[in-house]
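Below: one structure, written as structure tokens.
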Amino acid sequence: MSNLLFQDVTELKGVGPRLAENLQKLGIEKVQDLFFHLPLRYQDRTRVYPIGSTHHAQEVMIVGVVEHSQIIFKHRRMMIVTLSDASGFITLRFFHFSNAQQKSFSRGTRVSCFGEVRISNTNREMVHPEYRILQGDAPLQLSDTLTPIYPTTKGLQQRTLLRLVGEALKQLAALDDLIPAEIIQQYQQIELHQALRILHQPAPNISASDLLARSHPAQQRVIFEELLAHHLSLRKLREQRKKVSGIALKNQHKYFIQLRKSLPFKLTNAQLRVIDEINQDLQQAHPMNRLVQGDVGSGKTLVAAAAALDAIEAGFQVALMAPTEILAEQHFRSFSQWLQPLKLKVTHLSGKQKVADKRDALENIALGSSHLAVGTHALFQDDVQFQKLGLIIIDEQHRFGVHQRLALREKGKQPQQSFYPHQLVMTATPIPRTLAMTTYADMDYSVIDELPPGRTPVKTVVISNSRRADIVERINRVCANDGAQVYWVCTLIEESEALQCQNAEETWELLKEALPDLNIGLIHGRMKSDEKENIMSQFKAGQIQLLVATTVIEVGVDVPNASLMIIENAERLGLAQLHQLRGRVGRGSKASSCVLMYQTPLSQNARKRLEALRNSNDGFEIAQIDLQIRGPGEVFGTRQTGELQFKIANLVDDQQLLPQVQQAAQQLIDNYPDSVEALIQRWIKHAEEYASV
Ligand code: ADP
Ligand code: MG
């Protein structure tokens with residue numbers, strides 16, 4: 001390891017503390033990191049283009065003779081130089097220039113220029129090109145390779161990066177190819193040295209546009225290696241979890257069997273399968289870390305209940321965390337209903353509770369008289385101490401990076417306990433399986449891939465706001481004739497919660513006027529906890545027929561009798577959010593509808609999105625369409641990939657590599673453990689931090 005590659009960049013000539021600091025901003029600490037700092041794009045200074053053959057927006061080198069040069073005033077002072085070669089003319093335009101520069105462009109002088117060509121009305125032009133005056137017949141200096149343009153940071157010049165990478169490349173022979181030859185061949189990859197040579201010093205015959213499209217085999221090789229390293233680091237985390245001490249929760253499903261008997265329906269096969277997978281985990285002496293994915297309405301809550309009851313039966317407490325107060329309150333009600341007949345105690349912990357209530361709740365949790373505690377993130381504040389916490393359930397988790405998962409594991413470990421609780425995460429976010437297996441490779445993964453029978457798909461219609469009166473009339477009719485219940489969702493894109501709530505209040509007033517015979521409720525994020533609870537329980541009991549709400553009801557809310565949902569200004573929301581909202585209806589046996597109201601004029605994209613929703617009820621399909629319409633950045637940006645940071649790879653663009661990556665990872669783990677460790681060290685800067693949490 002005494003090799004220069006593994007030493008700090010400061011070992012390179014000319015790298016002082018200032019430069020080292022700038023390099024560090026780019027993630028370059030060791031000399032070998034320079035190899036993996038890859039160019040964003042390339043310039044071609046290897047050849048001279050005939051002026052007349054150049055295209056608009058092309059970055060090229062040209063050589064011509066000065067025909068004419070003058071200073072003009074057009075808005076501002078500028079120097080205009082006309083060059084020609086045998087194929088045509090081009091104008092150079094300079095806004096900043098010295099007298100000496102002006103003089104150097106005398107008629108007949110030969111000049112080489114590098115810059116971007118602009119063409120308007122057949123006139124070619126370059127603005128402030130790099131140029132060189134060619135003395136006499138002196139030969140032109142051309143590059144042997146395409147010129148890489150690196151990502152950089154303020155105060156760090158391309159020239160410097162180019163020089164440093166050049167220095168590092170002299171040591172390339174000492175860099176190990178960590179992927180064994182067998183695997184390189186099997187996946188038709190090229191060797192690392194060859195790939196890095198091509199990427200940093202591409203020969204003139206390589207197409208810069210292939211490189212730009214990331215489709216060149218040299219890039220594919222490096223992307224493959226990076227994905228592999230990430231996958232391996234998550235797999236390693238998962239292995240380490242197995243070494244952490246947990247506690248086996250032995251049980252006979254005594255409570256769960258009783259709960260099942262009391263349910264008015266049969267569990268689906270998918271629910272039963274996932275419950276079984278979870279129970280296998282709970283019986284192990286290392287902590288479970290399982291993600292359960294199931295589309296809206298697939299019945300995740302009961303799966304959570306089954307896990308909770310098994311843990312309680314084994315003599316442990318359970319913490320159930322929900323993303324919103326409304327959902328926490330609803331879970332508190334459902335779990336109370338399910339657990340009371342079993343003589344088990346459920347406690348609600350809320351940020352907005354009265355002091356005395358909170359003290360009671362904390363006491364019950366600390367003494368162990370409470371079996372299950374429900375709440376928002378308030379559950380994991382420092383003042384909450386469980387007597388014996390065996391299982392943490394996190395419901396409807398949409399953004400959940402590896403750091404958060406680890407942090408929560410730490411918080412869940414009670415100071416007086418020697419073991420880590422089991423952890424179960426539920427999400428409705430549809431992530432294609434290969435992606436899930438990569439972003440969540442440190443977790444085990446179950447899918448509830450079946451909806452309870454007897455559900456009629458929600459019928460979705462898309463109509464303009466101008467037909468509001470018709471919709472109000474329809475609400476009146478269905479509530480009066482069919483005993484239906486209805487949600488009216490008010491949206492505003494403004495981040496301000498205050499404005500959203502005000503908007504919902506105004507709509508509520510208007511609807512009360514328009515529908516005097518109906519009992520109309522209002523719910524939004526600024527109401528007190530007990531007010532919200534009161535409104536939701538009235539809606540659940542059928543006393544409120546029409547509920548005006550902000551998007552606070554987006555996740556988890558479950559009132560099976562509700563069969564009509566109106567979403568105002570639906571064009572403002574993303575597809576995933578609309579799908580979640582719509583999931584609040586169609587939960588019972590009644591035929592349900594969702595009306596997506598939009599403000600005209602509707603953009604092309606917005607129309608496509610609303611139509612996609614009208615045509616499909618399937619979360620996976622909708623996610624796929626969302627991906628096509630909005631592009632990967634918005635859909636799977638940092639939001640869903642958590643904090644996974646890639647240098648080069650991109651989980652969405654490079655999706656097609658993932659199955660191979662998973663397969664290769666397994667081969668490495670089985671046959672080349674040394675490579676596994678070395679790959680993680682090379683690519684994952686903070687691998688040790690993960691490992692030590
Ligand atoms: P989600 O997966 O969206 O969290 P829920 O757990 O809220 O779904 O369940 C949606 C509705 O379906 C609830 O009213 C629940 O009681 C009901 N449900 C759950 N499982 C079944 C089943 N196997 N058969 C019929 N209804 C079910
Ligand atoms: Mg739910």
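Because the structure is predicted, anything quoted here is derived from the model rather than measured. In listed order, ligands and their atoms are each counted from 1.
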Proximal atoms of ligand 1 relative to V296 (non-hydrogen, under 4.0 Å): 3 (O)

Residue portion contacting ligand 1 (non-hydrogen atoms closer than 4.0 Å) for Q330: neither

Closest approach of any protein heavy atom to atom 12 (O) of ligand 1, naming residue and atom: R455 NH2, 2.6 Å

Main-chain N/O of V559 paired to R584 side chain as donor or acceptor, under 3.5 Å: no

Per-atom contacts, ligand 1 versus T301 - under 4.0 Å to a heavy atom: 4 (O), 5 (P), 6 (O), 7 (O)

Proximal atoms of ligand 1 relative to T268 (non-hydrogen, under 4.0 Å): 23 (N)

Shortest protein heavy-atom distance from atom 15 (C) of ligand 1, along with the residue and atom involved: D558 OD2, 4.2 Å

Region of Q271 engaging ligand 1 - heavy atom pairs below 4.0 Å: side chain

Polar contact flag for P453 and ligand 1 (N/O pairs, less than 3.5 Å): no

Residue-ligand contact A428/ligand 1, heavy atom below 4.0 Å: no

Between F419 and F316, ring centroids under 6.0 Å: yes

Protein heavy atom at shortest distance from atom 22 (C) of ligand 1: F265 CD1, 3.3 Å

E396: its N/O/S atom lying closest to the Mg ion (ligand 2) (atom name): OE2

Option whose closest heavy atom lies nearest to atom 9 (O) of ligand 1, chosen from G299, S334, G294, P264: G299

From E396, R587, Q293 - option closest to atom 7 (O) of ligand 1 by heavy atom: R587

Nearest non-hydrogen partners of K300 and A428, listed with the distance: NZ-CB, 3.8 Å

NZ (K354) with more than 12 external heavy atoms under 6.0 Å: no

R474 atom CZ: more than 12 heavy-atom contacts under 6.0 Å: no

S592 and S563: side chain donor to acceptor below 3.5 Å: no

Greater than 12 external heavy atoms within 6.0 Å of K512's NZ: yes

Main-chain N/O of A305 paired with W338 side-chain donor or acceptor, under 3.5 Å: no

Closest protein heavy atom to atom 3 (O) of ligand 1, given as residue, atom name and distance to 0.1 Å: G297 N, 2.7 Å

Residue K266 vicinity, atoms of ligand 1 by number, heavy atom under 4.0 Å: 22 (C), 23 (N), 24 (N)

Closest non-hydrogen atom pair, Q414 against V384: OE1-O, 4.2 Å

Test item: H371 side-chain N/O and K345 main-chain N/O as donor-acceptor pair under 3.5 Å: yes

Ligand 1-proximal atoms of P560, by part, heavy-atom distance under 4.0 Å: side chain

